[in-house]
Amino acid sequence: MEKRQLRQKLLHQRRSLPQVQWQAQSVRLCEHLKTLAVVQDAKTIGAFFSANQEPDLSMLFALPKRWGFPLCV
């Protein structure tokens with residue numbers, strides 16, 4: 001499978017997740033990330049705002065870190 005086809009397939013799978021399942025997986029991911037030493041020790045963390053049912057990381061933003069986000073123009 002070519003890279004473009006794989007991306008389309010994964011995007012379709014992600015968008016077809018029921019909202020409740022997507023939210024539960026986002027919570028699970030954030031809870032796991034909070035336990036990682038690399039996150040706990042970091043002063044600055046690069047992140048993103050969720051779009052197209054990407055994982056919702058917003059619950060992590062309460063951590064006392066400096067957050068960096070990409071700027072899209």
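Position 1 is the first residue of the sequence, and the numbers go up from there.
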Novice: Flag the pair E31 and K34 as a salt bridge only when some basic side-chain nitrogen lies within less than 4.0 angstrom of an acidic carboxylate oxygen.
Specialist: yes
Novice: Output all residues satisfying side-chain contact (heavy atoms from CB on, under 4.5 Å) with F61, sequence neighbours left out; order by chain, then residue number.
Specialist: A47, F49, L57, S58, W67, F69
Novice: Mind listing the closest non-hydrogen atom pair of L11 and N52 along with its distance?
Specialist: CD1-CB, 4.4 Å
Novice: Indicate if L17 and L10 have the same hydrophobic cluster label, given that clusters are the connected sets of ILVMFWY residues with side-chain heavy-atom separations under 4.5 angstrom.
Specialist: no
Novice: Restricting to side-chain contact (heavy atoms from CB on, under 4.5 Å), what partner residues turn up for Q23, sequence neighbours left out?
Specialist: Q19
Novice: Who are the side chain to side chain donor-acceptor pair (under 3.5 Å) partners of Q25, not counting sequence neighbours?
Specialist: none
Novice: Measure the CZ-CD distance between R14 and E54 for me, rounded to the nearest 0.5 Å.
Specialist: 5.0 Å
Novice: Could you give all pairs that pass the salt bridge (charged side-chain N to carboxylate O under 4.0 Å, His left out) test and reach residues 1-13, with sequence neighbours left out?
Specialist: none
Novice: Does anything in residues 2-48 pair up under ring pair (Phe, Tyr, Trp, His ring centres under 6.0 Å), and if so which pairs, sequence neighbours excluded?
Specialist: none
Novice: So, the side chain of K65 versus the backbone of A42: is there a donor-acceptor pair under 3.5 Å, distance only?
Specialist: yes
Novice: Taking all atoms of both residues into account, what is the closest heavy-atom pair of L29 and P55, and its distance?
Specialist: CD2-CB, 3.6 Å
Novice: By side chain to side chain donor-acceptor pair (under 3.5 Å), which residues pair with D41, not counting sequence neighbours?
Specialist: none
Novice: Given side chains that start at C-beta, do those of I45 and L60 come closer than 4.5 Å, heavy atoms only?
Specialist: no
Novice: Which atom names give the shortest non-hydrogen contact between M59 and V27, and what distance separates them?
Specialist: CE-CG2, 3.4 Å
